[in-house]
There are 2 protein chains.
Amino acid sequence: MARVTLADVAHAAGVSQATASRAVNGSNRTVRPDLRERVLAAASALGYTPDANAQAMARGRTTSLGLVVHDIADPFFSTIAAGVSQAAEEAGLIVSLTETQGDPRREVEIVSLLDRQRAMAIVLAGTRLGDDADDAALLAALEAYRGRGGQVALVGQRLGDLPVLAVDHRGGAAELAGALVDLGYRRFAIAAGRPRHRTAAARVAAIRSELAARGLPVPDDRVVHTDLTRTGGRAAAAALLALAERPEVIMAVTDLMAVGVLGGIRDAGLRAPEDVAVTGFDDIEIASDVTPALTTVRLPLREIGQRLTALALIPGGADALEPVRGEVVVRESTPAR
Amino acid sequence: MARVTLADVAHAAGVSQATASRAVNGSNRTVRPDLRERVLAAASALGYTPDANAQAMARGRTTSLGLVVHDIADPFFSTIAAGVSQAAEEAGLIVSLTETQGDPRREVEIVSLLDRQRAMAIVLAGTRLGDDADDAALLAALEAYRGRGGQVALVGQRLGDLPVLAVDHRGGAAELAGALVDLGYRRFAIAAGRPRHRTAAARVAAIRSELAARGLPVPDDRVVHTDLTRTGGRAAAAALLALAERPEVIMAVTDLMAVGVLGGIRDAGLRAPEDVAVTGFDDIEIASDVTPALTTVRLPLREIGQRLTALALIPGGADALEPVRGEVVVRESTPAR
DNA sequence: TTGTACGCGTTATCAC
DNA sequence: GTGATAACGCGTACAA
């Protein structure tokens with residue numbers, strides 16, 4: 001089963017390798033129909049398959065797009081990945097999936113890995129949580145990649161002057177907080193993520209500032225920082241429900257945490273939303289499956305993946321025009337009171 | 001920003017390209033320390049990055065692994081993908097993510113796409129749902145790929161004599177059905193997937209045969225075939241709850257469908273599990289998040305991904321020794337009665 | 001241990 | 001329209 005190459009096909013068809021090449025890929029130079037036919041016939045007869053690597057080298061450009069996420073098992077990222085995957089397929093690209101697992105250094109390694117791979121574009125869907133030095137290292141790696149002709153697009157927080165798809169976390173968070181006030185809630189608590197997590201921090205800040213503006217500042221002891229996971233949410237709920245004055249509503253910075261908060265409320269022998277109301281953020285599918293269904297801020301995750309890919313494919317590397325906006329979705333977890 | 005190649009590095013270091021090559025990759029032939037140092041210094045000074053494509057061509061083997069799933073946004077697949085991703089990273093491979101969206105023809109296209117890519121292995125995590133002709137086409141494509149030295153591994157149903165990681169759907173399904181009988185359930189209904197879906201069909205068959213063996217055969221009108229989605233589950237519940245004699249428990253063939261069934265039960269103005277009990281299959285994370293938490297058959301999805309990858313990396317392409325077994329997990333959705 | 005030279009499979013440039 | 005031929009960037013026998 002030796003590998004059959006273009007040379008074999010050309011030889012079998014009795015034409016030059018150049019003609020064979022033109023016949024199989026359809027270059028701008030055209031080929032006489034009968035020859036073209038002969039080549040194609042020979043190719044399929046021999047079971048020829050073009051070598052994408054060789055093509056990439058000869059053409060000077062690959063057809064692969066690097067996607068870097070935090071954790072593909074997290075519905076937030078898997079949904080964005082679905083959008084990227086779809087857009088990539090439509091563009092004839094094949095996506096290289098990589099995970100950072102939240103490690104900033106790993107993120108830099110991945111960028112250079114994809115760089116070596118000569119991926120034509122890198123899409124960063126993971127929210128960064130490193131310090132400034134980590135950011136600088138990542139930026140340097142990405143700029144080096146760009147210098148070699150690579151395209152880049154990232155979501156959320158901006159990094160240097162890299163093309164970024166802005167997401168209006170603050171607007172959505174503020175709107176959500178406002179909606180709760182309108183529903184009659186007064187005593188708030190927040191299940192915040194880790195302070196270093198940029199996105200989580202932005203949401204928490206927006207919530208607090210909106211509430212403060214409405215005369216309902218959230219004291220520090222009512223903001224608990226845990227992991228952005230179910231477990232983290234559960235722990236946060238436990239801590240918040242142990243306070244002297246029980247909060248009327250616990251706002252989690254992600255749906256996943258909110259699900260954990262629901263569990264924590266049950267653990268404490270309380271009911272949601274009767275005893276404590278809960279909100280999430282993102283509107284991943286699970287948000288409407290749990291009981292009570294979660295009030296949250298809907299982010300068009302799949303669309304974000306698509307737009308991110310489109311952004312990465314813009315030759316110059318332009319910036320996204322309009323930021324993605326969240327939409328408050330009120331469900332059973334926050335009844336009027 | 002011209003691309004800096006190994007030749008540039010060699011020239012800058014004052015050595016031959018061969019020596020430079022040996023210095024950067026660490027071939028078996030060794031290089032004198034001082035020269036080695038000079039080369040490395042020159043490389044980093046010039047900002048050299050090896051071209052993985054060129055390396056692949058020169059070495060005759062790539063470092064990429066193709067992963068094909070149904071839909072990466074589906075938690076079932078994203079969890080398996082996480083396992084594959086992890087195992088691939090440990091093996092120094094980079095995974096190419098592709099989605100079939102349930103289209104058998106697309107699946108064949110993807111295989112040949114990955115083939116052109118010269119992926120060193122292809123992992124098929126999507127359950128097939130085509131007819132025999134589709135299977136034959138897929139098998140042919142995979143065999144052709146194998147003939148060219150590619151490794152293959154698939155999960156679930158076997159295809160030809162390709163290496164397969166067997167999953168004991170039947171055993172788990174039968175055990176689950178038995179457990180329900182032991183809990184006191186007698187009137188069963190099944191939210192089955194599409195009949196053509198191999199995995200779903202296997203589960204349904206096992207459930208029915210186990211129940212029949214216990215003297216509780218499930219009539220055809222109590223087996224509803226809908227899509228393997230939330231929506232499908234919802235529709236199935238609606239149909240099953242409209243029957244003259246309301247079933248005591250609805251067994252869905254996947255957790256996702258079971259979640260839909262829960263919704264359908266609410267739609268009908270009934271409660272789970274008081275009025276109707278529900279079971280799922282797979283034990284994706286959401287299964288324990290919904291209310292009531294789902295009784296289901298736990299499949300170690302992440303581990304499946306890892307084992308699948310390991311299987312694909314076995315040189316000869318051996319078969320997996322032991323099949324993956326599911327474990328029945330009884331939760332609130334099926335109280336004893 | 002180091003250097004020379006060729007091959008990997010394909011595309012693109014150039015004459016014909 | 002077609003065919004030599006030179007890249008593309010790197011690994012590796014082979015010789016020195």
For residues Arg302(A) and Gln86(A), is any side-chain donor paired with an opposing acceptor at under 3.5 Å? yes
Can Arg198(A) and Asp135(A) be counted as an ion pair, charged N to O under 4.0 angstrom? yes
Taken to the nearest whole Å, CZ/Arg61(B) to C1'/dG9(C) is 17 Å
Using a heavy-atom cut-off of under 4.0 Å over every strand shown, decide if Thr5(A) touches base, sugar-phosphate, or nothing. sugar-phosphate
Quick one: on DNA chain C, does Asp34(B) or Val24(A) contact a more 5' nucleotide (nearest heavy atom)? Asp34(B)
How close do Ala125(B) and Ile80(B) get, heavy atom to heavy atom, and via which atoms? CB-CG2, 4.0 Å
I'd like the 5' and 3' limits of the part of DNA chain D contacted by chain A, with heavy-atom contacts below 4.0 Å. dG1(D) to dG9(D)
Length of the CZ-C1' vector between Arg59(A) and dG9(C), whole Å: 12 Å
If I take atom CG in residue Leu6(A) and atom P in nucleotide dG9(C), what distance separates them, rounded to the nearest angstrom? 11 Å
Polar side chain donor-acceptor pair, Thr100(A) to Glu107(A), under 3.5 angstrom: no
Using a cut-off of strictly less than 4.0 Å between a heavy atom of the residue and any atom of DNA chain D, enumerate the qualifying residues of residues 38-50 of chain A by number. none
His70(A) vs Phe77(A) aromatic rings, parallel, tilted or perpendicular, using cut-offs 30° and 60°? parallel
Are any protein N/O atoms closer than 3.5 Å to N/O atoms in nucleotides 4-6 of chain C? If there are, list each pair with its distance.
none

So does Arg196(A) pair up with Asp131(A), basic N to acidic O under 4.0 Å? no
Calculate the interatomic distance between Arg32(B) atom CZ and dG3(C) atom C1'; express it in whole Å. 13 Å
Can you tell me how far CG of Leu6(A) sits from OG1 of Thr19(A), rounded to the nearest 0.5 angstrom? 10.0 Å
Passes salt bridge (charged side-chain N to carboxylate O under 4.0 Å, His left out), Glu89(A) versus Arg106(B)? Steps please. CA-CA 11 Å; Glu89(A) 185 200 319; Arg106(B) 175 72 191 144; 3.6 Å; yes
I'd like to know if the side chain of Gln55(B) pairs up with that of Arg116(A) as donor and acceptor (distance under 3.5 Å, no hydrogens or angles considered). no
Charged N to carboxylate O under 4.0 angstrom, Arg148(A) versus Asp115(A)? yes
Among the nucleotides dT2(C), dT10(C), dG7(C), which one has an atom lying closest to any side-chain atom of Ala58(B)? dG7(C)
Where Val108(A) and Ala141(A) come nearest, the two heavy atoms and their spacing: CG1-CB, 4.1 Å
So, is Asn25(A) close to the dT11(C) phosphate, meaning a side-chain N or O under 4.0 Å from OP1 or OP2? yes
